[in-house]
Number of protein chains: 2
Amino acid sequence: MARWQPDAPGRLAAAALDLFEENGYENTTVIEIAERAGLTKSTFFRHFPDKREVLFDKGTVTGLLVDGIASAPPTAGPLDAVADALDALGRTFFAEDRREFSGRRQAVLNANTELREREALKRIDLTASMIEALNRRGVPGLTARVAATLGTLAWEIAFDQWIGSDNSEGFGPLARRALDAVRAAGAEC
Amino acid sequence: MARWQPDAPGRLAAAALDLFEENGYENTTVIEIAERAGLTKSTFFRHFPDKREVLFDKGTVTGLLVDGIASAPPTAGPLDAVADALDALGRTFFAEDRREFSGRRQAVLNANTELREREALKRIDLTASMIEALNRRGVPGLTARVAATLGTLAWEIAFDQWIGSDNSEGFGPLARRALDAVRAAGAEC
DNA sequence: AGGGTCGATGAGACCAAGTCCCATCACTGG
DNA sequence: CCAGTGATGGGACTTGGTCTCATCGACCCT
């Protein structure tokens, strides 16, 4: 078996996504994933702590969001800072070339409860990171919690639109509009 | 081994909570749980789909919340309906005699990522149920989403206070206050 | 060129979660 | 007293995940 080919984690992730699409998550074995990537079970678990994690990137999104919140203008309110961060995310991570992949990945996630569960945990941890970032801007506890929660909701809405529409206008603008809509809906509660 | 003792699921859940407190979730085996309850592994998995689920009740909370939202006065706004539902929950489920148990259980959940993950999924499913219930009241999509999300946040805040304080004033009032605070924080975003 | 070091991989034993099938027991009604 | 039914026990089996050790490949240094 040929060793030393580059980017083992990337090959494993690609193989996993393919197999999950073909046969479903539950009907796919870690050994099968590893074999398709030209590797072994041992190596799979050396790169990913468990089978689910192969579909999740390691904190780069969180980092981008936290940085985006931190670097928003000091005059910006909590939700404005979140909007800036989502916009930054749209420029760097949720770029057009990643849209098809994101859609495929999300379809796989939606099809399996175990994966949805992992996604739910990631979402909570992400929200917690946003709260911390807002706290560091001086936003008081509860306000930060509300802003981060609404920001996560806007993210979710914008993401669904982004992977759904064809002639898309990019994640950033969609997120801004979603956040405005959420803000408006919150006002009339 | 004595068979036919009553309430196998309850005995399993109690044994599990005890063992998780003593040795931690990861260091506890399903077989150990079953043995302490006077049962076997087979019976455990007959009552619970997996090891995590032994700490989660089967949808009664969701039912209570959905009913509470449905039976709120027609004039009540979305967040008011949610407040009524949380109040109903405080009267029927989060009663004083369940407080100590809830605290123990929550401590175990917080100590383990796998359990936090399951909790995160439950929270999302609960929020989805609340959204549906609000939709059935005529609350439009996005507004319902925001209201349910803020309601879940208020729940979380109130629950932490409820299991934390000693001379507690009950879950219902705490939830109402939390919801008001969340509403106020949302206004200044 | 050759030997040594080091990080990444392979191989396989091992444990626990979860599934499945079948035997067995206890309670119920006739 | 006996047949039926539902809950339990028992054990084989698959898979996820951990661990340890051997091995390989690249790079470095002389």
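Every chain is numbered from 1 and lettered A, B, ... according to where its sequence line falls, protein lines coming before strand lines.
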Expressed in angstrom and rounded to an integer, what is the separation of [X] atom [atom1] from [N] atom [atom2]?
| X | N | atom1 | atom2 | result |
| --- | --- | --- | --- | --- |
| A/Ile33 | D/dG17 | CD1 | C1' | 13 Å |
| B/Phe44 | D/dG10 | CZ | C1' | 18 Å |
| A/Lys41 | D/dG17 | NZ | P | 10 Å |
| A/Glu35 | C/dG10 | CD | P | 11 Å |
| A/Phe45 | D/dC19 | CZ | P | 12 Å |
| B/Glu114 | D/dG16 | CD | C1' | 11 Å |
| B/Arg118 | C/dG18 | CZ | C1' | 13 Å |
| A/Leu12 | D/dG17 | CG | C1' | 15 Å |

Base, sugar-phosphate, or nothing: which does A/Ser42 touch, judged by heavy atoms less than 4.0 Å apart?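 Base contact.
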Cluster question for you: counting only ILVMFWY and a side-chain heavy-atom cut-off of under 4.5 Å, with indirect links fine, are B/Phe159 and B/Leu55 together?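 No, separate clusters.
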Map A/Ile31 and A/Arg46 onto DNA chain D by nearest heavy atom, then report which one ends up closer to the 5' terminus.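 Closest to the 5' end, via its nearest nucleotide, is A/Ile31.
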Tell me whether the guanidinium CZ or amine NZ of A/Lys51 lies under 6.0 angstrom from the six-membered ring centre of A/Phe44 and within 45° of its axis.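 No - A/Lys51 does not lie over the ring of A/Phe44 by the 6.0 Å and 45° rule.
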A cation-pi test, strictly: NZ or CZ of A/Arg98 under 6.0 Å from the centre of the six-membered ring of A/Phe93 and no more than 45 degrees from its axis. Yes or no?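 Pair A/Arg98/A/Phe93 counts as cation-pi.
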Does anything in residues 48-60 of chain B come within less than 4.0 Å of DNA chain C? Heavy atoms only, and list the residues if so.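 B/Pro49, B/Asp50, B/Lys51, B/Arg52 - these, ordered by number, are the residues of the stretch whose heavy atoms sit under 4.0 Å from the strand.
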State whether A/Arg104 and A/Asp18 are salt-bridged, where the test is any N-O pair (Lys NZ or Arg NE/NH1/NH2 against Asp/Glu carboxylate O) under 4.0 Å.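 A salt bridge is present here (some side-chain N lies under 4.0 Å from a carboxylate O).
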Hey, does the side chain of A/His47 come within less than 4.0 Å of C/dA8's phosphate (OP1/OP2), counting only N and O?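 For C/dA8, OP1/OP2 do not have a side-chain N/O of A/His47 under 4.0 Å.
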Looking at A/Thr40, I'd like to know whether one of its side-chain N or O atoms comes within less than 4.0 Å of OP1 or OP2 on C/dG10.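 Yes, such a contact exists.
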Test side chain to side chain contact (heavy atoms under 4.5 Å, CB included) applied to A/Glu117 - qualifying residues, sequence neighbours left out: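 B/Glu117, B/Arg118, B/Leu121.
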Could you tell me whether the side chain of B/Asp125 reaches within less than 4.5 Å of the side chain of B/Lys122, counting heavy atoms only?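 A side-chain contact under 4.5 Å is absent here.
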Salt bridge (charged side-chain N to carboxylate O under 4.0 Å, His left out) involving B/Glu156 - partner list, sequence neighbours excluded: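 Partners of B/Glu156 under the salt bridge (charged side-chain N to carboxylate O under 4.0 Å, His left out) test: A/Arg145, B/Arg123.
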